[in-house]
Amino acid sequence: MASFKSLPGFRDFYPEELAPRTHLFRQWRRAAHAYGFQEYDAPVLESLDLYKAKSGDEIEGQLFSFADKGGRDVALRPEMTPTVCRMVGARANALKRPIKWFSIADFFRYERMQKGRGRCFAQFNADIFGEAGPEAEIELISLLIQCLRGLDLQAEDFYVRLSDRNLWFFYLAALGLEEEQTQSMLGAIDKFERLGEEAFKVYTDAHGAMSAELQAAVQRMLAIKTLSDLETVVAELDHPQLSARLDDWRRVLSGLEAMGLAEFVSVDLGVVRGLAYYTGFVFEAFDRKGDLRALAGGGRYDNLVQKLGGPDLPAVGFAIGDMTMELLLQERGLLPDVANKPDVYVVIGGPEERRVAFGDIAALRAVGYRVDYPLKDLGFGKQFKNATESGARLALIYGGDELANGVVKLRDLSQREEFEVPREQVALAVSDFLSA
RNA sequence: GCGGCCAUAGCUCAGUUGGUUAGAGCACUAGAUUGUGAUUCUAGGGGUCGCGGGUUCGAAUCCCGUUGGCCGCCCCA
């Protein structure tokens, strides 16, 4: 038993474990590129104050934080949003709008290990800065959907629940709630799905009993499933801000519909997300069948860049986590075998033949073929076994008999058929075989 | 931070009321096999039985503690 192990909550990625993750990253990157997003990266370590400024002092308990040797209070990043706001804020005047950026990176949170949750995990983050209108939401929600569809997940596998904190702000204000009451109520709404009416304790504990009318009004919003439900409720209130907000809803939903994505999106005002900094539309992606955590989440945060010291810059963003995503793909059998298999395995007769084979191996590799061979001299039987197990389709045989005749033998490993070609035509023969 | 379950080889597990040198399958390495791979046979490497303490003539086994893991709660950027 090895005396050193990885730290609690941290994962080793042996090749067979890295492969699925690489698959996720590749598909996410492909989707982001297709949508015209630019990739960026950033330091793993940031000033502790950056996170306190965004989330409050309580956040420190959930961070990997410490004082560095220069006495600076620092933290391993628990999320990308503060960092990307810092970066964009610093160059906001020089960046062409809209700013569409994405990253794939590791994050660290000091918390208890659980299914789909660890102390180090990866996220895909995508954000649009500088666009205040709902077109940014359309672009990001469709990118989110594409990130999951690129992994072969379909509309029956997942969906995106779309909600709106602005709608709640206006609605609760119209019902007579003050700012603080509104925040408590959003906390209750966040828990309503899990706790039912129990969730309103969050509100009543802080602000006293709520009227039957208030509770009925909130639950009525929570019951909304479609845009027309929403239009009905809003029409009854005859409230100018709410009516204006409905226009944004129509634009988002009709935009997504025009992209052919209507079946992936549902109206669900039960999603408010815990963060106080969200200012408008918020959305989360969920597995339709299982009981996994949210696959992804995001929303609009128009005040955050400024709050972190930058200019007033509207922003929308979302993140997808790797752990829950991988659990889902595993459940669905959608993790492909992406082990690195050689195209060609070279079987070598002995030391003399090895020298000759090395020249051809180098030439094949130089033009991009994946070529493997045994590092030590082995019997032919063992070499053919290795060739098969390597996953190569083709074996090249460099034996004494062949080389004496100036030829190399090609063996089709699946058909178990062999043929000889002159040595100088090996590259051509390999190319013909593999492209056939 | 709180609660429940668990911990024996790389993996899945067996191990009798506490009793000799802790086992199997899979995987790995080598041989049978000096020019032909999915089978077969043989051999080998790999364990301070999570760690520490206690009870005992004797502990993988019983007791206490601790660490780690899984699941749930809190939280979830």
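In what follows, chains carry the letters A, B, and so on, assigned in the order in which the sequence lines appear, proteins first and then strands, with residues in each chain numbered from 1.
When the nearest nucleotides of RNA chain B are assigned to A/Y277 and A/Q415 by heavy-atom distance, the more 5′-ward of the two goes with A/Q415.
Rounded to a whole angstrom, the distance from the C1' atom of B/A60 to that of B/G1 is 34 Å. Taking atom P in both B/G4 and B/C51, one finds a spacing of 24 Å when rounded to whole Å. When the P atom is used for both B/U8 and B/C49, the distance is 11 Å, rounded to whole Å. Comparing B/U66 with B/G19, their C1' atoms sit 29 Å apart, to the nearest whole Å. Comparing the C1' positions of B/G45 and B/G53 gives an interatomic distance of 33 Å, to the nearest angstrom. Separation of the P atoms belonging to B/U67 and B/A59 is 25 Å when rounded to the nearest angstrom. Taking atom C1' on both B/C73 and B/A27, the two are 39 Å apart, rounded to the nearest angstrom. Comparing B/A9 with B/U39, their C1' atoms sit 27 Å apart, to the nearest whole Å.
By the 30° and 60° cut-offs, the orientation of the rings of A/Y171 relative to A/W168 is perpendicular. Ring geometry for A/Y40 versus A/W101: interplanar angle of 30 to 60°, hence tilted. Between A/F102 and A/H33, the angle of the ring planes goes over 60°, which puts this pair in the perpendicular group of the 30/60° scheme.
Spacing between atom CG of A/L394 and atom P of B/U36 amounts to 19 Å, rounded to whole angstrom units. One can place CZ of A/F384 at 12 Å from P of B/A38, the figure rounded to the nearest angstrom. Regarding A/Y398, its OH atom lies at a distance of 17 Å from the C1' atom of B/U36, rounded to whole Å. Between the CZ atom of A/R117 and the P atom of B/G72 there is a distance of 11 Å, given to the nearest Å. Residue A/E111 contributes atom CD, which lies 14 Å from atom P of B/G69 at whole-angstrom precision. A/E420 places its CD atom 16 Å from the P atom of B/G35, with the value rounded to the nearest Å. In this structure, CG of A/L396 is placed 18 Å from P of B/G37, rounded to the nearest angstrom. Per the geometry, CE belonging to A/M113 stands 21 Å off P belonging to B/C75, to the nearest Å.
Within a 6.0 Å radius of NZ in A/K289, more than 12 heavy atoms belonging to other residues, nucleotides or ligands are found. Within 6.0 Å of CD in A/E193 there are 12 or fewer heavy atoms belonging to other residues, nucleotides or ligands. Dense packing is recorded around NZ of A/K52, with more than 12 heavy atoms of other residues, nucleotides or ligands lying under 6.0 Å away.
Aromatic pair A/F433/A/Y369: centroids not less than 6.0 angstrom apart. In this structure, A/F124 has its ring center no closer than 6.0 Å to that of A/F25.
Residue side chain A/E402 reaches the base of B/G35 through a donor-acceptor N/O pair under 3.5 Å, judged by distance alone. With hydrogens and angles left out, the side chain of A/K409 and the base of B/U36 share a donor-acceptor pair within 3.5 Å. No N or O donor and acceptor, one from the side chain of A/R77 and one from the base of B/A77, sit under 3.5 Å apart. A/Q62 contributes a side-chain N or O that forms a donor-acceptor pair with the base of B/A77 under 3.5 Å. In terms of polar N and O atoms assigned as donor or acceptor, the side chain of A/E418 comes within less than 3.5 Å of the base of B/U36 in a complementary pairing. Contact annotation: side chain of A/R411 to base of B/U36, donor-acceptor pair present below 3.5 Å.
The side chain of A/R194 contributes an N or O atom lying less than 4.0 Å from OP1 or OP2 of B/C74. Under 4.0 angstrom from either OP1 or OP2 of B/C75 there lies at least one side-chain N or O belonging to A/K191.
The side chain of A/K382 sits closest to B/A30 out of B/A30, B/A77, B/C73. The side chain of A/R273 sits closest to B/A77 out of B/G35, B/A77, B/C76. Here B/C76 is the nucleotide among B/G35, B/C76, B/G72 with the atom lying nearest to any side-chain atom of A/R109. Out of B/G35, B/A77, B/C71, the shortest distance to the side chain of A/I397 is found at B/G35. Checked against B/U36, B/G37, B/C76, the side chain of A/R293 finds its nearest nucleotide in B/C76.
In this pair, A/F380 lays its aromatic ring flat on the base of B/G35, centres within 5.5 Å and planes under 30 degrees apart.
A/E389 comes within contact range of no nucleotide atom at all, as no heavy-atom separation falls under 4.0 Å. Residue-level contact check: A/N386 touches neither bases nor backbone, having no heavy atom under 4.0 Å from any strand. Residue-level contact check: A/P78 touches the bases, meaning some heavy atom is under 4.0 Å from a base atom. Heavy atoms of A/G116 sit nowhere under 4.0 angstrom from any nucleic acid atom. At the heavy-atom level, A/G61 lies nowhere under 4.0 Å from the strands shown. Note on A/G399: a base of the nucleic acid sits closer than 4.0 angstrom, heavy atoms only.
B/C26: Watson-Crick or G-U partner is B/G10, with both key distances under 3.5 Å. Taking a pair to require two hydrogen-bonding distances under 3.5 Å in either a Watson-Crick or a G-U wobble arrangement, B/C73 pairs with B/G1.
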